[in-house]
Each structure stands twice: as C-alpha cells, then as structure tokens.
Asks: 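After the structure tokens below, expect a handful of questions from me.
Here is how names work: the chains are called A, B, and so on, in the same order as the sequence lines, proteins then strands, and each is numbered from 1.
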Amino acid sequence: MITFDSLSLADASDQMRAGGLTPVAYLAALLDGISRQNASSVNAFISLTPQGIDRAMASAEQATQALRRGEDAGALHGIPYGLKDLIDYQGVATTGQCQFYRANVATRDAFVVRRLKTAGAVFLGKLATDELACGGRPEDSAWPVPSNPWNPAYITGGSSSGSAVAVAAGFVPFALGTDTGGSIRNPSSRCGLVGLKPTYGRVSRDGLMPLSWSQDHIGPITRTVRDNALVLQCIAGHDASDKTSSRHPVDDYAALIGHPLAGMTIGVLSEPFLQDPDADPEQVAGIMQAVEVLRHAGAKIVERRLAGIPHINAVARLLLGADGFAVHADGLRTAPDLYGKGARSRLLQGAWLSMADYVDLQRRRAGIVESIERLMAGIDVLVTASGYDRAPKVGDASAFAKSYDQQLRMPFNLSGHPAMVVPTGVSAVTGLPSSMQIVGHYFDEARMYQVAAAYESQAPWSAPGPRLNIHPGDIA
Amino acid sequence: MAKIVDGQTHQHAWLKNEKEVRARANQLGLMSVEDAQPGILSASAAVTYRYLEILARPPVSLPEPYLTPPEQGGRS
C-alpha cells in the first residue's frame with residue numbers, strides 16, 4: 001500500500017509517468033491525510049481555505065489532463081507544494097504573518113511561482129512563518145505557532161516553520177522557504193528534512209517580501225536530497241527583475257547524485273562544537289558519524305578552522321537588523337500596533353546603528369567573505385553543524401537565546417555560499433532529528449547534492465518519520 | 001543599559017537611562033513604537049549594542065577589512 005504522506009516527490013513523479021498515479025489522485029490523497037491528521041493542530045498552513053483547495057484541485061485536474069494528452073512539463077508536473085507566506089502568489093495575500101500586511105493581496109506571481117506554474121506544480125496554500133521572517137521566540141508570536149511533528153514539546157525553529165512542518169508532516173512533498181540568517185536550515189534541521197539555501201543570486205527574489213536585501217535567499221525544503229535537487233532545478237536561473245540575480249549557467253543539479261566520492265576532499269569545521277562543553281552530544285555525534293560515513297564512501301577528510309565566529313555572527317545580525325529596519329521603518333513609525341512584539345523588537349535593532357557603523361560592517365563583511373573563501377580553498381565541500389544546541393523546549397527562553405550562539409548558519413548568509421542541511425539521526429532524549437550542514441563553493445550545488453545523497457544512501461540510522469498527535473476533526 | 005553611537009565621531013557612548021533612549025527614538029520618529037510597547041526601544045537597543053560590543057572585543061582575528069569587496073560570484 002502506498003503511503004502518500006511519505007512518498008518522495010521523485011517517486012510520485014515517476015508513478016505519474018508510469019500511469020499508476022494521477023495529480024488529482026495524489027492531491028486528493030494528501031488532502032485526505034491532512035484532514036485525518038488534523039492539520040490545524042500543527043498550524044503549518046495559514047490559508048488552507050475551501051477556495052484554495054478548489055484552486056489546487058483545478059490545477060491538479062489541468063495537470064492530469066495534460067499528462068493524458070502527453071504534455072509532460074517535467075518532474076514537478078502535478079506535484080503539490082506550499083509557499084512560505086513571504087512569497088507572492090497572485091490573488092492570495094502575502095502577509096508575512098504580520099497584521100500590517102493582512103490586506104496585501106499579491107497582484108502578480110513571484111518569479112519562483114511563475115517557474116513552478118510553468119512546471120505544472122500544484123499550489124496548495126501559504127505556510128506559516130515567524131512574523132516577517134524575523135525569528136524570535138514562539139511565545140512572542142501574535143499567531144498560532146507551528147508545532148514540531150516529531151515532538152510538539154520542542155520548537156520547530158524558524159522562520160520557515162510552516163514550510164518545514166508541512167513537509168515533515170507529509171502534507172506536501174516540498175515547500176519553499178526563505179533563509180536570511182538560517183531560516184530554511186534551522187527548521188529543516190529540527191524537523192528532519194533536507195533544506196537548501198542556494199548561492200546568493202541563484203534563485204530570484206522577485207516577489208519576495210524582503211527582510212534583508214543582501215542576505216535573503218529562497219530555497220527548497222524536501223524530505224530527500226534528490227527531491228531538493230529537482231525543485232532547485234525548477235526555480236534556479238537568471239531573472240532580470242532581480243538585480244542581484246546571477247547569469248551563471250544553471251547546472252543539472254541531480255547529475256552527480258549516485259556518483260562515488262572517491263577523489264573528493266571534504267573539509268570538516270568541528271572546532272566550534274567540539275570545544276563547546278555545552279554542545280549537544282547527540283548533535284555532535286551525528287555529525288562526526290556522518291563524517292566517517294563520507295570517509296568510508298571514499299572522500300578524503302581534512303580539518304578546517306574559521307576564526308572569529310562570534311564576530312562574524314555579530315556582523316550578520318547587525319546588517320540584518322539594518323536592512324530589516326530600512327524595509328519596515330515606515331510601518332513601525334506609523335502603525336507599530338500592527339507589528340507583533342517579537343518582530344517589532346527585532347526590526348528596531350537596526351534603528352540604533354549609525355551610518356559609520358553600517359560602513360564599518362560592510363568593510364568587515366568583505367573581510368569575512370575572504371575568510372570563508374580561504375576556508376573553502378582546497379576542498380570540494382565543507383561539513384559542519386547547522387546548530388549544535390539541544391533543541392529548546394517551547395517556552396524555555398534561556399535555551400532559546402543560547403541557541404543563537406550555537407549555530408554556524410549565519411556566516412554563509414553573509415558570504416552568499418550555498419549551504420544545506422541533511423538529517424543525521426534522531427535524538428533519544430528529545431525525539432527530534434539531528435543534522436549536519438554541507439557548504440559548497442559558489443554555484444556548486446550539484447556537488448553538495450552528490451555528497452548529501454552519498455550520506456543519505458549510507459546513513460547508519462533510520463526513523464519511521466514523525467508521528468503527529470492525531471485528533472479527529474475538521475480543517476479550515 | 002543601552003548604548004548609542006555618535007555618527008560624527010563613531011565613538012560609542014552609553015545611554016545612561018530610559019530618558020536618553022526616548023530622546024534618540026524621538027529623533028528617529030519612533031516614539032509611537034514606544035507608546036505601543038513601553039520598554040521595547042531600550043530592549044532592542046541593548047541587543048544591538050551587545051553585538052557592537054562583540055565587534056569591539058579583541059582580538060579580532062579576521063583579515064583587515066577592504067573598502068571594496070573582492071569579486072563574489074553571483075553578486076552584481
């Protein structure tokens with residue numbers, strides 16, 4: 001019997017081409033699963049409305065008819081997905097889960113949505129986000145907060161929380177998130193998923209509500225490495241409407257999956273978590289075990305070090321604050337009540353920087369980019385932690401605050417290097433997945449997928465997937 | 001206690017009290033924020049200056065900063 005909520009995107013796509021599954025039947029099965037699992041209990045979707053379901057069914061019907069006519073738009077044809085509510089879908093409000101934008105109905109599709117429509121993918125609904133992607137404690141949110149399907153006592157991580165929860169729960173096989181300071185990688189890590197922040201400029205941000213112009217990235221969240229590569233293949237490419245969009249050629253991102261790692265050199269940045277007595281031992285063990293798997297697969301392993309990580313994270317946070325305040329200053333001045341407490345507090349951090357500070361930060365940033373380029377020299381990819389904290393429980397403010405210092409995600413927002421997370425096991429203590437982070441050279445996502453897939457295929461652990469707390473009930 | 005930056009001299013000076021935070025917020029046109037959520041300006045300023053403090057902390061074992069960034073693939 002096929003379990004649709006754990007079927008990979010690639011397998012669903014193959015079954016559609018083999019005639020064993022239609023887009024309509026697949027969507028109907030996912031909707032049935034969503035209903036049975038009581039999607040409202042995990043708060044992943046914010047706009048799974050009857051109208052939205054009708055729209056999705058109409059798209060699935062079109063995709064089904066097209067396949068019957070022999071019109072195949074590719075791997076995503078007929079595949080349902082969700083969008084973090086910062087990305088425009090024409091006719092649907094893009095709110096960022098902020099009251100200030102509650103009536104901000106998109107008049108056109110984002111670039112990535114146009115690509116997904118052309119590919120025949122089926123939009124199901126908007127997904128929850130930390131308000132305006134600011135991150136922050138779940139308790140500060142003015143909205144229902146997504147629950148981690150692996151264990152609702154622990155946070156999902158943000159800010160692409162709804163995207164990660166929807167994929168982990170099996171509501172959709174893929175979702176798009178955004179990553180300004182780790183917001184794809186953090187929730188993907190905590191929900192046992194593959195999440196990619198592509199190279200800066202690889203995926204157009206046209207139609208994205210910004211948080212930080214110089215650090216925002218759009219990327220895919222999936223349950224498998226191959227699925228991730230298939231989604232990136234669809235959304236990558238130059239877009240003249242985003243001035244930071246690159247003309248660098250788009251690779252075949254799945255081309256190296258399955259190729260051996262022999263001859264490859266993998267750098268390991270382990271010093272930050274090996275020297276931190278408060279690092280979560282299960283996270284650390286998962287990464288070091290993954291390194292051994294990669295060594296066994298034929299890769300040469302070398303140590304790498306990165307100096308000044310607290311400084312790097314400080315520069316990233318301050319620049320993010322400056323950019324975020326620049327985006328939202330007018331709204332904060334005119335209608336502060338329409339911003340939640342957490343978002344307001346975070347966006348205001350940029351108000352206190354002087355022009356001199358900003359120039360100094362930009363100068364430091366250039367030096368940091370050079371540091372990270374040196375870190376990457378002589379290796380094909382870098383393996384390190386995404387975070388090395390133990391997942392905070394919901395409501396544990398001190399553990400939450402500490403988690404910001406026990407992460408290695410922000411350096412690569414600052415530098416623009418591509419970075420992805422892959423699950424490395426499941427904690428016996430929390431029941432949540434652990435993860436490693438793989439960092440690549442600019443535009444070398446195909447190599448990252450090769451390494452990630454090699455690990456995924458030989459990982460010495462397995463988990464049945466999250467178990468939702470099922471309460472029979474209706475969904476909105 | 002929050003700290004604030006003098007943009008002319010780039011010298012950091014501690015904001016001594018809530019009154020100074022409010023004065024700076026007034027310059028920035030942000031008092032409506034404070035009215036909506038008292039104390040939030042000081043809280044946000046404290047975070048910003050905690051990060052600036054980290055940057056001021058020796059040793060800064062990073063390369064000397066450049067005025068013009070080196071070529072970064074994908075950036076225009």
Asks: Can a donor-acceptor pair be found, under 3.5 Å and without considering hydrogens, that links the side chain of A/Asp251 to the backbone of A/Ala446?
Replies: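 Side chain of A/Asp251 to backbone of A/Ala446: no pair is present.
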
Asks: Given a strict heavy-atom distance threshold of 4.5 Å, which part of A/Leu347 is in contact with chain B: side chain, backbone, both, or neither?
Replies: neither

Asks: Examine whether an atom of B/Val33 lies under 4.5 Å from a heavy atom of chain A, and if so say whether it belongs to the side chain, the backbone or both; otherwise answer neither.
Replies: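 Contact with chain A: backbone and side chain both.
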
Asks: By a 4.5 Å heavy-atom criterion (distance strictly below it), what part of A/Arg333 contacts chain B: side chain, backbone, both, or neither?
Replies: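 Answer is both: backbone and side chain atoms of A/Arg333 are under 4.5 Å from chain B.
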
Asks: Check side chain to side chain contact (heavy atoms under 4.5 Å, CB included) between B/Leu28 and all other residues, then give those that pass, not counting sequence neighbours.
Replies: A/Ala351, B/Arg24, B/Leu30

Asks: For a side-chain contact (heavy atoms from CB on, under 4.5 Å) check, start with the C-alpha distance between A/Ile312 and A/Met410, then their side-chain angles and the critical distance, and finish with the verdict.
Replies: CA-CA 8 Å; A/Ile312 294 171; A/Met410 297 192 83; over 6 Å; no

Asks: So which part of A/Leu318 gets closer than 4.5 Å to some heavy atom of chain B, the side chain, the backbone, both or neither?
Replies: side chain

Asks: Excluding sequence neighbours, so at least two apart, what forms side chain to side chain contact (heavy atoms under 4.5 Å, CB included) with A/Ala399?
Replies: A/Pro392, A/Asp396

Asks: Return the option, out of A/Asn313, A/Asp337, A/Thr334, with the maximum number of heavy-atom pairs under 4.5 Å with chain B.
Replies: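 Of A/Asn313, A/Asp337, A/Thr334, A/Asp337 has the most heavy-atom pairs under 4.5 Å with chain B.
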
Asks: Is the A/His248 ring parallel, tilted or perpendicular to the A/Phe443 ring (thresholds 30°, 60°)?
Replies: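 The rings of A/His248 and A/Phe443 lie parallel, inter-plane angle below 30°.
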
Asks: Of the backbone (N, CA, C, O) and the side chain (C-beta and beyond), which part of A/Phe325 lies under 4.5 Å from a heavy atom of chain B, both, or neither?
Replies: side chain

